[in-house]
Amino acid sequence: MKNKDLNTIDVTGARVHNLKNIDISIPKNELVVITGISGSGKSSLAFDTIYSEGQRRYMETFGAYARQFIGDMERPDVDQITGLSPVISIEQKTTNKNPRSTVGTVTEVYDFFRLFYARVGEAYSYNTGKKMVKWSEEEIVENIFDRFNGKKINLLAPLVRGRKGHYRELFEDVRKKGFLKVRVDGEIKDITAKMQVDRYKIHDIELVVDRLQVTGDLKARLSQSVQQGLKLGKDLLFVLVNDETEVTQYSKMLMCEDTGIGYEEPSPNSFSFNSPYGACPYCRGLGTSSVINMNLVLPDTSKTIKEGGIAPLGEEREASVFKQVEAFARKHKINLGKPLKDIPQAQLDLLLYGDGDAVQSLHLDGTDESIPDYYSGSYEGIIPMLKRWYLSTQSNEGLREWVEKFMELQPCPSCNGDRLKKESLWFKIDNKNIAYLSNLNLDNLAAWLDGIELRLSKKQNAIAKDILKEIRERLGFLLDVGLTYLSLNRPSRTLSGGESQRIRLATQIGSQLQGITYILDEPSIGLHQRDNQRLIHSLQNLRDIGNSVLVVEHDKDIMLAADYLIDIGPRAGHHGGRVVAQGTPEEILKLDTITAGYLNGHLKIETPKERRKGNGKFVELKGVTGNNLQGVSVKLPLGKMIVVTGVSGSGKSTLINETLYPILSNHCFPASKMQAMPHKSVKGLEHIDKVVEIDQSPIGRTPRSNPSTYCGFFTDIRTLFASVPEAKIRGYNAGRFSFNVKTGRCDVCEGGGMRVIEMNFLPDVYVPCEKCNGKRYNRETLEIRYKGKSISDVLDMTVDDAVVFFQAVPNIFRKIKTLQDVGLGYITLGQSAVTLSGGEAQRVKLSTELSKKDTGKTFYILDEPTTGLHFEDIKHLIAVLDKLADRGNTVLIIEHNMDVIKIADHIIDLGPEGGDGGGQILFEGTPEGLIRCKESYTGHFLKTELN
């Protein structure tokens, strides 16, 4: 047994969620794939049991005092887990939404490039473009004398640059040396006894070495002061002309001979857009700035101002802002009843930007001026008002979000999106600055690094040797997981779940840890078949350095490349939770299970015998140039199932999610005001009356959200219970049966069904509410029964049971039946939304759309709907999508899965590569036509599926 524990992770009696008290031994130091139908219990075993226990054990190493600040770690419902090494989870969790987070900062590659440029980069003048030189003290004195001759100047020695502290000892030290003044954060002050500054704020402190007028008779004094200033400032000196705020820098290190400008000796922070010493001062390192979009402020110039022609102002109403506008319009004789297009531009500009007048007395109620009920204030204009609300620290988040509806992000006019200050951008290596390299695709960046040593001097090579080794290693790991099309400057918030997961995977490979149990959640998401082998190689690399790799996965290639396969099933929900099969892929292929059937070819998704003809109408999009798209034009046939495919990074999401969807959304819902990527024209919008985007985001983020509330039929169920005679006698309405309303819910657990017991320094314990026993409602509400069932009993029903129970209530039956039709018969109506997988959440959304009545002119957009789905689940999904298309609707799917691609009526293939090598339409037509397209990687892999 001891030997077994060393070689296996043994799980005994796992009962988390739907797991049926399972026992399993998982081999260590191998690549193990856990698979099974969506909802069968894969994630419950991998994440909620094994990972949770690993995390709990780690937390146990902290003392009781520390644990109260860390949070709660509930013990998973399992008898025993032995042989478990430290656990790291690499999930598809949401990426960092911070706009300052980029691929380069997350992977630390950019940090090494900052060091590379700080130590090896050569400085050039931003005025002349000439290479900077190092000046002697004599040359600095001569330049100051020539440049500031006759002017009164302050010679400043920088002592503190961008650091926190009170600096009491520093001030006392320079005072004892006889100095009288310092410049603190731009303000010259006298040095006093016990002087100090705010220790929690960042400060710049310069010592005033001398104050003099630059004349010939003071040249010797100037020379001595410069010498002393450079010594105190560590080879850096500032010159400040009296009554000016901008300083001129002088350095013994880097100077421009022609203009006299000096750069500080570069440090890694000089190239960081998250540091005040590297960031562009205009956009503060964000690379973008928010500007007012006049098309959003004046969306319809045929409207009058009273009708809401100026969108932020809205329609005429009793509001202080509108009364202000009316008074201002009377003063300047502006007719608010005229359409905007008929108002002279000068008058419109007055309304939008104000005239700078002082104070006007404006009545709020339209009463006579003799009544002292007035508002006094200057009219600043609509645009300045929006800017003030957006920038004011006193504005609440809701107000800022409202103002953002009238703004758009544009590249910063100062740095053109490069994020860095101009001095940093003029440090170059091989005539390239750091921003240029950050914007290259990773494969192009790797190509630039090839042979860089030949383009560097002997001294530069000696310094750069170790830095380049680190950069190349980390870049290599990112390329190995198929992220060749990303750039270091790509914001983290724009990455998909699969991309961010693969970045974390590359980071872990780079850390070279050993003896770890890694648990990954579908790392193949968003990856084209072409790049699968690179991902498999990365996972095997992680295993080969001495780690156990557990992967929850449905991809056929990864399953067959595994050392060991575990199949959970046989079905989903309470029909699953058992180990159906385990062993090597070769052993699994011989078994008679659903997974084995799809792997060995006995089961498969059939190609349709006939493709849909469509309705003969089209939506035509021309000249799309967003991101890497190269002015593409595409014709989308309506009434068909369209699949958009192509290698990762080829431009699929840009074309559909960022261009087509905003255009359709603005057409169908004018109030949405979504920003579409640049394009020349679009035709055929009149053939569409509704657009629906269905993604895999959760249907709710709280335990109170559930399928019945999301799909909307819980309202019908509550209305049904309120119509029961007993409920009418008691005067109960539908609100009585809501667990979010005080009257009917349990007052102890407040409708949650669980109570939280605080354990002080121990984790909180969740127990069923002792008053309602987890039923959520109070006794009086539960006494109301429909066909013998209380409202709580209905929430505990599975979808399959509910279909039978509500057969006689058409409006409820139809909605629940669609949940059953999409393969979710095993979930309960009241199941917490947070326990649903991504695939289950997406099918709940699909069923909601299916249950709605449509006109046959709906345009559905789905982004990788096969995420988290087993082969059998994909079969169900295709059947659901077929129903939507058969009604005459258009279903557009962005997808890499070959089973979905082969059943499409129309395919749009982008490529040929990702990033700069993509952005072109390679093919438009049927799957049979795609396999004849030689440039298409998709066609190459599809050929084996169609044969």
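Just so you know, these numbers come straight off a predicted model, no measurement behind them.
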Over 60° means perpendicular and under 30° means parallel, so tell me whether Y167 and H203 are parallel, tilted or perpendicular. perpendicular

Does this structure show an ion pair linking E142 with K219, if we count only N-O contacts that are shorter than 4.0 Å? yes

Of all heavy-atom pairs between R419 and R100, which one has the smallest distance, and what is that distance? NH1-CA, 4.2 Å

What closest approach, in Å, do P912 and V647 show between heavy atoms, and which atom pair accounts for it? O-CG2, 3.7 Å

For the pair D418 and N439, evaluate side chain to side chain contact (heavy atoms under 4.5 Å, CB included) and give the outcome as yes or no after the intermediate values. CA-CA 9 Å; D418 288 337; N439 288 317; 3.6 Å; yes

Run the salt-bridge test on R168 and E172 with the 4.0 Å N-O cut-off and return the result as yes or no. no

Testing the 3.5 Å rule here: is there a donor-acceptor pair between the side chains of N541 and D480? no

Is the count of non-hydrogen atoms from other residues, nucleotides or ligands lying under 6.0 Å from Y436 atom OH greater than 12? no

Heavy-atom side-chain contact between K177 and D173 under 4.5 Å: yes

Could you go step by step and tell me if L352 and M294 meet the side chain to side chain contact (heavy atoms under 4.5 Å, CB included) rule? CA-CA 10 Å; L352 292 173; M294 294 310 297; 3.6 Å; yes

Close side-chain approach of V182 to I188, heavy-atom, < 4.5 Å: no

Ignoring hydrogens and geometry, is there a side-chain-to-backbone donor-acceptor pair from D185 to I205 under 3.5 Å? no

Give a yes or no on whether R455 atom CZ has more than 12 heavy-atom contacts from other residues, nucleotides or ligands under 6.0 Å away. yes

Residues, nucleotides or ligands: over 12 heavy atoms within 6.0 Å of K432 NZ: yes

Show your reasoning for whether side-chain hydrogen bond (donor to acceptor under 3.5 Å, both in side chains) applies to D217 and T215. CA-CA 6 Å; D217 56 338; T215 55; 2.5 Å; yes

Is it true that a side-chain atom of Q508 and a backbone atom of L505 form a donor plus acceptor pair closer than 3.5 Å? no

Output all residues satisfying side chain to side chain donor-acceptor pair (under 3.5 Å) with S290, sequence neighbours left out; order by chain, then residue number. Y390

Whether E187 and R183 form a salt bridge (side-chain N of Lys/Arg under 4.0 Å from carboxylate O of Asp/Glu) is what I want to check. no

Any salt bridge linking R472 with E453? Criterion: basic side-chain nitrogen under 4.0 Å from a carboxylate oxygen. yes

Short question: side chain of S101, backbone of N98 - any donor-acceptor pair under 3.5 Å? no

What is the minimum heavy-atom distance between G649 and N628, and which atoms define it? O-ND2, 3.2 Å

Do the charged groups of D466 and K469 touch, with an N to O distance under 4.0 Å? no

Are L230 and E137 packed together at the side-chain level, in the sense that at least one heavy-atom pair is separated by less than 4.5 angstrom? yes

Which atom of M195 lies closest to which atom of I191, heavy atoms considered: SD-CA, 3.8 Å

Can R502 and E499 be counted as an ion pair, charged N to O under 4.0 angstrom? no

Intermediate values then yes/no, side chain to side chain contact (heavy atoms under 4.5 Å, CB included), K181 and K189: CA-CA 6 Å; K181 292 181 182 292; K189 297 180 178 181; over 6 Å; no

How many angstroms lie between CD1 in I144 and CD1 in I153, if you round to the nearest 0.5 Å? 5.5 Å

T654 and N627: CA distance, side-chain angles, deciding distance, side-chain hydrogen bond (donor to acceptor under 3.5 Å, both in side chains) verdict: CA-CA 7 Å; T654 303; N627 293 336; 3.0 Å; yes

Using a 3.5 Å distance criterion without hydrogens, assess whether the side chain of S225 forms a donor-acceptor pair with backbone atoms of L222. no

Assess the residue pair L475 and L449 against the criterion (side chain to side chain contact (heavy atoms under 4.5 Å, CB included)); give the C-alpha distance rounded to whole Å, side-chain angles, the decisive distance to 0.1 Å, and a yes or no. CA-CA 10 Å; L475 261 184; L449 284 169; 3.4 Å; yes

Report the distance from atom CD of E380 to atom CE of M385, rounding to the nearest 0.5 Å. 7.0 Å

Under 3.5 Å donor-acceptor, T288 side chain and C412 backbone: no

What closest approach, in Å, do T248 and R147 show between heavy atoms, and which atom pair accounts for it? CG2-NH1, 3.3 Å

What distance separates L486 CG from I503 CD1, expressed to the nearest 0.5 Å? 5.5 Å

Would a distance-only check, ignoring hydrogens and angles, find a side-chain to backbone donor-acceptor pair under 3.5 Å from Q213 to K152? no

Closest contact, heavy atoms only, L115 versus P268: CD1-CG, 4.0 Å

Taking atom NZ as the centre, does K428 end up with more than 12 heavy-atom neighbours from other residues, nucleotides or ligands that are less than 6.0 angstrom away? yes

Walk me through it: do K234 and E265 pass the test salt bridge (Lys or Arg N to Asp or Glu O under 4.0 Å)? CA-CA 10 Å; K234 296 180 180 177; E265 185 67 14; over 6 Å; no

Between Y263 and F427, how do the two ring planes meet: parallel, tilted or perpendicular, split at 30° and 60°? tilted

Could you tell me the separation between the CG atom of L445 and the OG1 atom of T484, rounded to the nearest 0.5 Å? 12.0 Å

Quick one: does T105's side chain have a donor or acceptor within less than 3.5 Å of a partner on T102's backbone? yes

I need the E473 CD to L468 CG distance, nearest 0.5 Å. 12.0 Å

Under 3.5 Å, is there a donor-acceptor pair between the side chain of S538 and the main chain of R534? yes

Could you give me the CA-CA distance, side-chain angles and deciding distance for E408 and Q410, then say whether side-chain hydrogen bond (donor to acceptor under 3.5 Å, both in side chains) is met? CA-CA 6 Å; E408 65 177 350; Q410 289 184 352; 3.0 Å; yes

R284 atom CZ, over 12 foreign heavy atoms within 6.0 Å: no

Listed once per pair and sorted, the ring-ring contact (aromatic ring centres under 6.0 Å, His included) pairs that draw on residues 273-294, sequence neighbours left out: Y110-F273

Judged by atom type as modelled, is there a donor-acceptor pair below 3.5 Å linking the side chain of Q460 to the main-chain atoms of S457? yes

Using a 3.5 Å distance criterion without hydrogens, assess whether the side chain of N547 forms a donor-acceptor pair with backbone atoms of L513. yes

So how far is it from I383 CD1 to R388 CZ, rounded to the nearest 0.5 Å? 13.0 Å

